[in-house]
Q: 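Below is the structure I would like to discuss, written out as structure tokens.
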Amino acid sequence: MKKTIISAILFFSVFAFSQQQTTDQKVEILLNKMTLEEKIGQLNQYTGDNSATAPITINSNKKSEIKKGLIGSMLNILGTKYTRQYQELAMQSRLKIPLLFGQDVIHGYKTTFPIPLAEAASWDLTAIELSARIAATEAAASGIHWTFTPMVDISRDPRWGRVMEGAGEDTYLGSKIAYARVKGFQGNLGDVNSVMACVKHFAAYGAAIGGRDYNSVDMSNRMLWETYLPPFKAALDAGAATFMNSFNDLNGIPASGNTYLLRDILKGKWNFQGFVVSDWGSIGEMVNHGYVKDNKEAALASITAGSDMDMESNAYRYHLEQLVKENKVSVALIDDAVKRILRKKFELGLFDDPYKFCNPEREQRELNNPEHTKAAREIAAKSIVLLKNERDILPLSKGLKTIAFIGPMVKSKRDNHGFWAVDLKEVDSTYIVSQWEGLENKVGKRTKILYAKGCGVESKSKEGFADALLVASQAEVIILSIGENFNKSGEAKSKSNLQLPGVQEDLIKELQKTGKPIVILINAGRPLVFDWIADNMPTMVYTWWLGSEAGNAIADVLFGDYNPSGKLPMSFPRTEGQIPIYYNHFNTGRPSINEDKVYKSAYIDLPNSPKFPFGFGLSYTTFEYSDLKLSKKTMKNSEFISVSVNIKNVGSVKGEEVVQLYLRDKVGSVVRPIIELKDFQKISLNRGETKTIQFTIDNQKLSFYNNALEFGSEPGDFDLMIGSSSADIRLRDSFELVK
Ligand code: BGC
């Protein structure tokens with residue numbers, strides 16, 4: 001305590017800022033006091049003691065560098081105890097500029113929420129914002145100022161392991177979610193419960209060729225603007241404080257040194273006032289790309305292009321000063337980067353109190369907040385997607401006497417946390433509710449639950465089959481929990497084979513012979529390929545990785561305490577050969593209609609359609625769509641059309657439906673997708689209840705980028721479709737846009 005007071009006094013003695021000064025004035029005053037070396041110091045970020053999230057490239061003495069004011073930010077330092085220790089080092093530097101602590105808080109901090117792809121399946125923007133808010137509250141209480149989230153990369157390729165971090169394949173849904181996540185993390189930036197968001201990875205990282213991580217991206221500018229950039233823009237509109245660039249090259253220019261992306265678009269056209277951090281080592285990796293010859297050239301390319309902070313490349317630290325001396329980099333360029341970073345430190349309130357986020361009592365309280373656990377359970381349940389329920393095996397009856405709970409995922413804890421869970425060494429695994437525990441919590445002593453592992457996730461051994469068959473023979477219902485391990489998706493986890501690993505499918509085939517009802521739970525961080533199961537098993541639930549409350553949430557859905565409402569945010573392929581697969585494709589000159597394959601754009605050995613389409617997910621109840629009404633059938637681009645539709649719950653239980661509005665622009669100066677999501681609403685309906693919901697069609701919804709990169713609408717006919725998924729259109733109409 002004493003030490004803190006002393007450092008606070010020392011701290012304030014260096015800066016004499018007045019309340020009247022604006023942040024920009026304070027930044028200027030400080031900048032004028034800084035040496036070039038100190039300025040460059042602000043542009044360096046290094047990893048700390050916690051688990052590194054990539055290979056560490058630097059072995060300098062970071063602590064002494066911080067004391068010299070040569071490091072502006074650290075990542076992977078968690079907990080108020082440690083962040084305080086590091087901040088105290090910064091307070092020993094000449095100008096006492098506080099450090100920024102960054103961390104990948106991707107889907108929760110201590111309380112983990114579903115992996116982002118799963119959460120996207122909830123289509124519940126309020127829930128998504130809340131999960132980000134809670135993650136921010138916990139992270140901020142633990143000393144973190146800045147999360148490297150949200151990842152807003154659109155991806156149409158489930159081989160890419162990082163699909164788990166994003167919101168899936170659709171630009172509209174992805175943009176809405178990007179906005180909600182930034183709002184959730186940042187709250188009112190400057191509050192003690194808020195952290196800065198970092199929108200990543202700028203840009204087009206999700207289109208890596210072949211789904212192989214870090215791979216090149218080659219796409220038209222039109223596609224970039226139309227499909228890949230809008231979620232970034234939405235995040236910026238939500239006030240995102242920072243951006244991270246991406247590892248890939250885009251049309252031959254690595255993103256870290258890409259002037260078009262960073263300077264022309266982000267800082268130019270979009271007028272982004274925050275700062276850009278590189279991805280881990282991505283500045284130095286431009287040498288491997290063959291874009292620059294060494295780290296010095298990498299520093300030059302990167303600062304020129306607009307990357308403000310160097311994460312772990314050591315390029316700025318060791319080369320920028322020399323580049324200034326050689327007149328290759330202007331001080332003004334460095335000043336601009338430094339000012340952007342300092343401004344954020346001021347906005348966070350770190351110059352008022354560098355230990356603002358270092359309160360251990362608050363940390364204790366927020367990291368053990370039961371409200372957070374409750375929200376995690378609810379959001380996890382909302383993220384579950386019911387893929388098949390043919391004989392109404394679900395929901396299970398609470399009167400069951402015996403259930404066989406079989407499979408390699410039943411008792412796993414760590415898997416439920418998912419990839420990119422924060423590695424909190426002090427968090428023990430009892431904090432994660434396994435699927436077994438969730439079921440036990442649900443049925444209590446009422447129902448006997450029998451367990452058999454059956455097989456491993458990846459092992460080829462069938463030794464456990466006999467046990468599985470034995471417990472299955474004693475039960476009324478079998479629940480089988482299978483999938484791929486949590487660490488088979490995520491960064492650097494691209495896969496060419498998306499089938500269920502090991503002998504899991506063989507186990508299903510054996511259990512099927514018992515003739516007992518089987519509920520299959522599929523756990524994964526991406527769309528898997530499970531064609532045989534989908535064709536042969538009556539009941540399937542996609543549970544992704546749902547976070548610390550996974551077990552309870554799954555039990556809630558299995559027993560109908562929560563009626564599933566999730567809808568797929570990505571198309572699920574029949575086989576890997578269909579990838580990339582996405583619903584909003586163009587028509588081609590030879591479209592295959594009703595599976596016609598003769599000289600058609602089709603695979604001769606399988607349908608074009610996915611196994612499960614974008615926007616698909618079942619409920620325990622049924623919704624009837626009727627009375628589609630458009631306020632008019634022609635509109636000018638200054639006008640709008642009101643669309644109303646009635647949705648009735650005609651089933652026997654309360655449920656939620658995601659009502660999806662799609663459009664098709666029939667003729668364009670560039671070809672347009674056959675169907676495109678343009679709006680949606682998630683509504684809750686009691687049994688027998690009807691709601692009228694309203695949508696608005698305005699010019700924005702009809703606009704797109706033409707080949708000249710002009711954004712706007714073109715007069716002509718539009719089809720309007722309202723449905724329960726992209727492939728389950730219930731009502732149609734059309735309208736015309738006139739000049
Ligand atoms: C990832 C980023 C992440 C960073 C810091 C990189 O390898 O690509 O998404 O934020 O590491 O952990």
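Counting starts at 1 for both ligands and their atoms, following the listed order. In this chain, residues are counted from 1 in sequence order. Side chains are part of it too, since the values below use all heavy atoms of this structure and drop only hydrogens, waters and symmetry mates.
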Q: Out of all atoms in ligand 1, which are within 4.0 Å of some heavy atom of Leu75? Include the element for each.
A: 5 (C), 12 (O)
Q: Identify the closest protein heavy atom to atom 3 (C) of ligand 1: which residue and atom is it, and at what distance?
A: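 Looking only at protein heavy atoms, the one closest to atom 3 (C) of ligand 1 is Asp104 OD1, 3.2 Å.
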Q: For ligand 1, which atoms have a heavy atom of His201 less than 4.0 angstrom away?
A: 2 (C), 8 (O), 9 (O)
Q: Evaluate side-chain contact (heavy atoms from CB on, under 4.5 Å) for Glu491 paired with Phe247, printing each intermediate quantity in order.
A: CA-CA 11 Å; Glu491 185 177 350; Phe247 286 121; 3.6 Å; yes
Q: Any nitrogen or oxygen of Lys200, side chain or backbone, less than 3.5 Å from one on ligand 1?
A: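 Looking only at distances, the answer is yes, because the N/O contact criterion of under 3.5 Å is met.
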Q: Relative to each other, are the rings of Trp270 and Trp225 parallel, tilted or perpendicular (30° and 60° limits)?
A: perpendicular
Q: Could Lys68 and Glu38 be called an ion pair, given the rule that one side-chain N must be under 4.0 Å from one carboxylate O?
A: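 Salt bridge between Lys68 and Glu38, a charged N being under 4.0 Å from a carboxylate O: no.
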Q: Run Ser142 and Glu363 through side-chain hydrogen bond (donor to acceptor under 3.5 Å, both in side chains) and show every step you take.
A: CA-CA 5 Å; Ser142 199; Glu363 182 177 33; 2.8 Å; yes
Q: Tell me if the centroids of the rings in His417 and Phe486 come within less than 6.0 Å of each other.
A: no
Q: Is there a polar contact between ligand 1 and Glu165, counting only N or O atoms under 3.5 Å apart?
A: no
Q: Should we count CZ of Arg212 as having more than 12 external heavy atoms under 6.0 Å?
A: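 No, not enclosed.
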Q: In terms of atom number and element, which parts of ligand 1 are under 4.0 angstrom from non-hydrogen atoms of Met244?
A: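 The atoms of ligand 1 under 4.0 Å from a heavy atom of Met244 are 2 (C), 10 (O).
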Q: Which ligand 1 atoms, with their elements, are less than 4.0 angstrom from a heavy-atom of Trp280?
A: 6 (C), 7 (O), 11 (O)
Q: Touching ligand 1 at all, Met151? Heavy atoms, strictly under 4.0 Å?
A: no
Q: Using a 4.0 Å heavy-atom threshold (strictly under), name the region of Arg162 that reaches ligand 1: side chain, backbone, both or neither.
A: side chain
Q: Checking Lys488 against Trp544: charged group under 6.0 Å from the ring centre and within 45 degrees of the axis?
A: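 The answer is no; the distance or angle limit is not met.
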Q: Tell me which protein heavy atom sits closest to atom 2 (C) of ligand 1, plus the residue, atom name and distance to 0.1 Å.
A: Asp279 OD1, 3.2 Å
Q: Please confirm whether Tyr205 comes within less than 3.5 Å of ligand 1 when only nitrogen or oxygen atoms on both sides are compared.
A: no
Q: Relative to the heavy atoms of Phe148, which atoms of ligand 1 are at a distance of less than 4.0 Å?
A: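 Listed by number with element, the hits are 10 (O).
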Q: Do Tyr205 and Tyr228 have their ring centres less than 6.0 Å from each other?
A: no
